[in-house]
Amino acid sequence: MLYHIFKGGKMFWSKSYIPTEKEMPADAIIASHRLLLKGGFIRQELSGAYTYLPLGLKTLAKIMSIVREEMDSTGALELLAPSLASKEIWQATGRWDDFGDDMFRFKDRKGRDLCLAPTHEEIITNLAKRDFRSYRDLPKSLYQLQNKFRDEPRPRSGVLRMRQFIMKDSYSFDRDEKGLETSYNLHKKAYKNIFTRCGLSFRIVSASTGLMGGSDSEEFMIPSESGEDRIVYCSNCSYSANLEVAVSSVGKISYPSKPLEKVNTPVGGSVSEVSSFLGYTQDRMMKSLLWIIDDKPFFLLLCGEDELSETKLQKHLGTGRPAHSDEILKITGAPAGYVGPIGIEDVAVFADKRLEGATGLSTGANEFHHHYINVDIGRDFMIEDFLDLREVRKGQKCVNCSGNLFVENAIEVGHIFKLGKKYSESIGANFTDELGEDKPFVMGSYGIGIERIMASAIEQNHDENGIIWPVSISPFEVVILPLNSSNENVREVSLSVCETLAASSIDFLLDDRDERAGIKFKDADLIGIPLRITVGEKNAVKGMIEIKRRDTSFVETIPLEKTLEIVKHHINELYGLCSVN
RNA sequence: CGGGGCGUAGCGCAGCCCGGUAGCGCGCUUGGUUCGGGACCAAGAAGCCGGAGGUUCAAAUCCUCUCGCCCCGACCA
């Protein structure tokens with residue numbers, strides 16, 4: 001009521017809905033989750049589903065507006081498809097089954113099978129099938145900002161892994177691979193712009209295509225301890241990849257070649273226990289894993305210091321599982337830890353490429369407390385094939401330049417795919433070329449997790465006091481704190497500041513609550529508005545105000561007349577920090 | 001799906017082992033003093049102790065079953 005001159009009340013704290021908490025919410029672990037809850041941006045509704053309160057929604061709206069600007073500038077066209085989808089359209093591509101329990105399914109009142117769309121390739125491709133008939137209609141890129149639904153086995157980390165979330169997804173339709181290349185690169189450039197403008201530091205890594213299929217894909221990753229993915233990058237060159245697909249180069253394993261010998265190893269069967277008993281380094285141990293794939297047993301051999309990459313295994317041999325202890329005993333005659341491929345018939349053996357030509361190793365002898373030593377690959381047992389099966393580890397060498405590889409956690413905020421004809425062919429989405437022939441569209445698919453941008457920005461920009469928003473996605477650019485609204489000078493000066501900022505379309509929030517200064521300062525820090533203007537009694541009398549930067553804590557006291565000039569200076573500088581150029 | 005933890009006032013928690021009819025801090029309401037970094041005093045309001053069943057004279061507390069939430073792992077554009 002103090003500043004009734006401004007209509008709508010959008011910028012008045014007292015009239016808004018910003019339920020900040022004094023104590024840290026118990027269930028939240030990671031910074032973004034804690035601060036979004038504590039700052040009154042979000043409230044949980046269900047496991048994996050949140051309500052976005054005014055501050056949260058405003059942040060998301062700013063992110064989505066950046067996304068729209070960049071997508072539009074590539075020539076992509078926005079549309080909005082339904083979340084409801086029929087079983088039939090998903091069966092055409094086989095994904096009604098492939099998605100499994102991750103898809104929310106139900107029946108309508110007539111008993112028809114429906115789902116909540118976890119993604120929209122099928123639906124959008126079906127549109128293209130209907131409406132894009134000629135090569136003259138191409139290329140086209142369609143995008144939407146949409147709620148997606150996935151019944152995640154374990155929603156977690158606040159808004160990082162949800163069951164309902166907002167995704168910007170786009171789909172490109174081209175007449176050939178060359179066109180796809182262009183569409184793909186347009187998206188890649190737009191994505192770089194989007195994440196830069198959102199104030200994020202990111203890496204682009206090559207990735208696994210997973211359920212989407214297609215030939216190539218790249219992920220946009222935000223390095224963060226809270227990330228669920230791990231990425232590998234070279235310290236020397238531009239090589240970077242998701243750990244799931246990353247490769248490395250390692251030296252040959254070569255120890256003196258001697259006659260095979262069985263030795264007693266009366267210790268636990270782990271690589272570290274046996275190697276230290278034998279006085280071997282761990283790379284001299286050959287790890288023999290017994291897996292069951294399609295009901296058949298396989299030996300998978302790795303260097304003792306390496307771990308199996310299940311993603312790579314799946315790509316080569318299909319989905320499998322480690323053998324249970326009773327199966328191990330039945331097949332090898334020994335318990336886990338003492339097994340190996342030597343002397344075992346009828347079990348296919350695949351080895352990691354690192355073991356190619358390796359000599360002088362030790363592995364299990366299929367007898368409790370016994371191992372072979374002086375094992376030579378290729379001499380003592382047969383190998384079906386050498387495959388890339390190991391997970392890259394920090395310190396290994398880059399395959400391109402021999403630089404050192406590093407591994408770090410990261411949040412996946414974007415993923416771009418070259419799909420090719422997978423969807424167009426199975427759905428029968430064709431166009432007619434100049435020769436009058438029907439051809440399937442060559443497609444790409446491109447996703448961005450909107451809430452993940454919000455969370456990543458916080459993970460990368462916060463301190464013990466709260467969020468430090470990049471100005472481009474902050475719910476407000478400026479927060480104004482009149483410290484004592486009952487004081488005439490404070491009111492007049494604050495009002496004047498509001499009028500000045502409003503006239504220049506600067507996005508501000510006025511903390512007009514009847515609260516003590518300490519509470520206002522704490523809350524302003526918590527919700528992370530980049531620029532704070534404080535109007536205190538002593539300064540107000542002199543016609544002065546105080547400006548403070550949230551990021552650097554830089555403070556200056558300036559005369560009221562210079563408000564616009566100084567505010568604009570700081571805001572420009574802040575936008576400069578997340579500017580494309 | 002395996003392992004662990006938690007559901008008690010709006011929020012954060014204690015009480016549970018050893019049953020006896022519910023408590024602390026913050027917040028909220030009213031009054032007063034304060035007023036530039038989460039003030040102080042006084043007086044209040046507020047909880048079918050997640051749900052169902054059982055044991056008992058008596059259950060927040062013991063037993064069984066359920067539902068929900070979080071964390072680790074598995075899984076996952």
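Within every chain, numbering begins at 1; the chains are lettered A, B, ... in the order of the sequence lines, protein sequences first and strands thereafter.
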(message) So, OP1 or OP2 of rG68(B): does either fall under 4.0 Å of a side-chain N or O from Ser47(A)?
(response) no
(request) Could you check whether Tyr446(A) gets within reach of a base, just the sugar-phosphate, or nothing at all, counting any heavy atom under 4.0 Å? (result) nothing
(message) Using a strict heavy-atom distance below 4.0 Å, which residues from residues 541-555 of chain A are in contact with RNA chain B?
(response) Glu546(A), Lys548(A)
(message) I'd like the P distance from rC11(B) over to rC28(B), given in whole Å.
(response) 15 Å
(message) In whole Å, I'd like the distance from the CZ atom of Arg516(A) to the P atom of rU33(B).
(response) 14 Å
(message) Can you tell me which residue among Val479(A), Ile529(A), Ile480(A) is in a side chain to side chain contact (heavy atoms under 4.5 Å, CB included) with Phe508(A)?
(response) Ile480(A)
(request) Provide, to the nearest angstrom, the distance between the CD atom belonging to Gln314(A) and the P atom belonging to rA74(B). (result) 14 Å
(request) State, yes or no, whether a side-chain contact exists between Pro559(A) and Met544(A) at a heavy-atom distance under 4.5 Å. (result) yes
(message) Mind checking if Ser157(A) touches a base, just sugar-phosphate, or nothing, with heavy atoms under 4.0 Å?
(response) sugar-phosphate
(request) Once you apply the 3.5 Å cut-off to both distances, tell me the Watson-Crick or G-U wobble partner of rA42(B), or none. (result) rU30(B)
(message) Please report the interatomic distance CG(Asn484(A)) to CZ(Arg491(A)), rounded to the nearest 0.5 Å.
(response) 10.5 Å
(request) Can you tell me, in whole Å, how much space there is between the P of rC1(B) and that of rC63(B)? (result) 25 Å
(message) Quick check on Glu225(A): does its CD atom have over 12 non-hydrogen neighbours (other residues, nucleotides or ligands) under 6.0 Å away?
(response) no
(message) rG27(B), OP1 or OP2 - any side-chain N/O from Lys22(A) closer than 4.0 Å?
(response) yes
(request) Please measure how far the P atom in rA52(B) lies from the corresponding atom in rG68(B), and state the result in whole Å. (result) 16 Å
(message) Surrounding CG of Asp326(A) (heavy atoms of other residues, nucleotides or ligands, distance under 6.0 Å), is the total greater than 12?
(response) yes
(request) If rG68(B) has a Watson-Crick or G-U wobble mate with both distances under 3.5 Å, name it; if not, just say none. (result) rC6(B)
(message) For Glu181(A), is there any backbone N or O sitting under 3.5 Å from a side-chain donor or acceptor partner on Asn185(A)?
(response) yes
(message) Is the phosphate of rC69(B) approached by Arg156(A) (side-chain N or O, under 4.0 Å from OP1 or OP2)?
(response) no
(request) Could you check which of rC75(B), rC69(B), rG38(B) has an atom nearest any side-chain atom of Pro153(A)? (result) rC75(B)
(request) Using the C1' atoms only, state how far rC6(B) lies from rA45(B), rounded to an integer number of Å. (result) 29 Å
(message) Need one value for Leu483(A): base, sugar-phosphate or nothing, where a base atom within 4.0 Å counts as base even if backbone is also close, heavy atoms only.
(response) base
(message) Between rG44(B) and rG37(B), how many Å separate the two C1' atoms, rounded to a whole number?
(response) 30 Å
(message) Between Asp294(A) and Lys296(A), does any NZ, NE, NH1 or NH2 come within less than 4.0 Å of an OD or OE carboxylate oxygen?
(response) no
(message) Looking at Lys421(A), I'd like to know if its NZ atom is crowded, meaning that more than 12 non-hydrogen atoms belonging to other residues, nucleotides or ligands lie closer than 6.0 Å.
(response) no
(message) Nearest heavy atom decides the nucleotide; on that basis, is Asn484(A) or Arg513(A) closer to the 5' end of RNA chain B?
(response) Asn484(A)
(request) Could you check which nucleotide pairs with rG25(B) in any of the strands shown, counting Watson-Crick or G-U wobble with both distances under 3.5 Å? (result) rC11(B)
(request) List the steps, then state whether salt bridge (Lys or Arg N to Asp or Glu O under 4.0 Å) holds for Arg105(A) with Asp113(A). (result) CA-CA 7 Å; Arg105(A) 300 154 201 267; Asp113(A) 285 305; over 6 Å; no
(request) State whether the distance check finds a donor on one side and an acceptor on the other, under 3.5 Å, for side chain Arg161(A) versus base rC76(B). (result) yes
(request) Scan every strand shown for a Watson-Crick or G-U wobble partner of rG36(B), both distances under 3.5 Å, and answer none if you come up empty. (result) none
(message) With hydrogens left out and only the distance checked, is there a donor-acceptor pair under 3.5 Å joining Asn539(A)'s side chain and the base of rG36(B)?
(response) yes
(request) Say whether Asp512(A) and Ser14(A), considering side chains only, have a donor N or O and an acceptor N or O under 3.5 Å apart. (result) yes
(request) Give Asp101(A) one of three labels, base, sugar-phosphate or nothing, depending on what nucleic acid heavy atoms sit under 4.0 Å from its own. (result) nothing
If you look only at distance, which donor and acceptor atoms sit under 3.5 Å apart when one is on a side chain in residues 23-34 of chain A and the other is two or more places apart or in another chain?
unit_1, atom_1, unit_2, atom_2, d
Ser32(A), OG, Glu459(A), OE2, 2.7
His33(A), NE2, Tyr50(A), OH, 3.1

(request) Could you give the distance separating rU56(B) and rC48(B) at their P atoms, to the nearest angstrom? (result) 28 Å
(request) Would you kindly give the CH2-to-P distance between Trp13(A) and rG38(B), to the nearest whole Å? (result) 16 Å
(request) Check whether more than 12 heavy atoms from other residues, nucleotides or ligands sit under 6.0 Å from atom CG of Asn147(A), and answer yes or no. (result) yes
(request) State whether Lys189(A) and Glu70(A) are salt-bridged, where the test is any N-O pair (Lys NZ or Arg NE/NH1/NH2 against Asp/Glu carboxylate O) under 4.0 Å. (result) no
(message) Let's see if you get this right: which residues in residues 457-466 of chain A place a heavy atom under 4.0 Å from RNA chain B?
(response) none
Pairs under 3.5 angstrom, nitrogen or oxygen only, protein versus nucleotides 7-15 of chain B, please.
unit_1, atom_1, unit_2, atom_2, d
rG12(B), O2', Glu23(A), OE1, 3.3

(message) Counting only heavy atoms and a strict 4.0 angstrom limit, can you tell me which residues of residues 35-44 of chain A come near RNA chain B?
(response) Lys38(A), Gln44(A)
(request) Searching all strands shown, indicate the nucleotide that pairs with rG20(B) (Watson-Crick or G-U wobble; both distances under 3.5 Å). (result) rC57(B)
(message) Any non-hydrogen side-chain atom of Glu327(A) less than 4.5 Å from a side-chain atom of Leu290(A)?
(response) no
(message) Counting only side-chain heavy atoms from C-beta out, which of rG37(B), rA74(B), rA39(B) sits nearest to Lys522(A)?
(response) rG37(B)
(request) Find out whether Glu451(A) and Tyr52(A) are in side-chain contact, i.e. whether some heavy atom of one side chain is under 4.5 Å from a heavy atom of the other. (result) yes
(request) Would you kindly give the CG-to-C1' distance between Asp523(A) and rG27(B), to the nearest whole Å? (result) 13 Å
(message) Under a 3.5 Å cut-off for both contacts, is rG73(B) paired Watson-Crick or G-U wobble with anything, and if yes, with which nucleotide?
(response) rC1(B)
(message) side-chain hydrogen bond (donor to acceptor under 3.5 Å, both in side chains), that's the test. Do Thr125(A) and Tyr171(A) meet it? Break it down for me.
(response) CA-CA 8 Å; Thr125(A) 306; Tyr171(A) 308 90; over 6 Å; no
(request) Find the distance Ile30(A):CD1 to rC72(B):P and express it as a whole number of Å. (result) 9 Å
(request) On RNA chain B, check which nucleotide each of Asp229(A) and Gly158(A) is closest to and give me the residue with the more 5' one. (result) Gly158(A)
(message) Distance check, P atoms only: rC49(B) and rG10(B), in whole angstrom units.
(response) 13 Å
(message) My understanding is that only residues two or more places apart in sequence, or in another chain, count here; which of them pass side-chain hydrogen bond (donor to acceptor under 3.5 Å, both in side chains) with Glu408(A)?
(response) Arg203(A)
(request) For the side chain of Glu310(A), starting at C-beta, report the closest nucleotide among rC75(B), rG36(B), rA39(B). (result) rC75(B)
(message) With a 3.5 Å cut-off and heavy atoms only, can you find an N or O donor on one side and an acceptor on the other between the side chain of Arg532(A) and the base of rG37(B)?
(response) yes
(message) By the 4.0 Å heavy-atom rule, please label Asp169(A) as base, sugar-phosphate, or nothing.
(response) nothing
(message) Taking only the P atom of each, what is the distance from rA43(B) to rC26(B) in whole angstrom?
(response) 15 Å
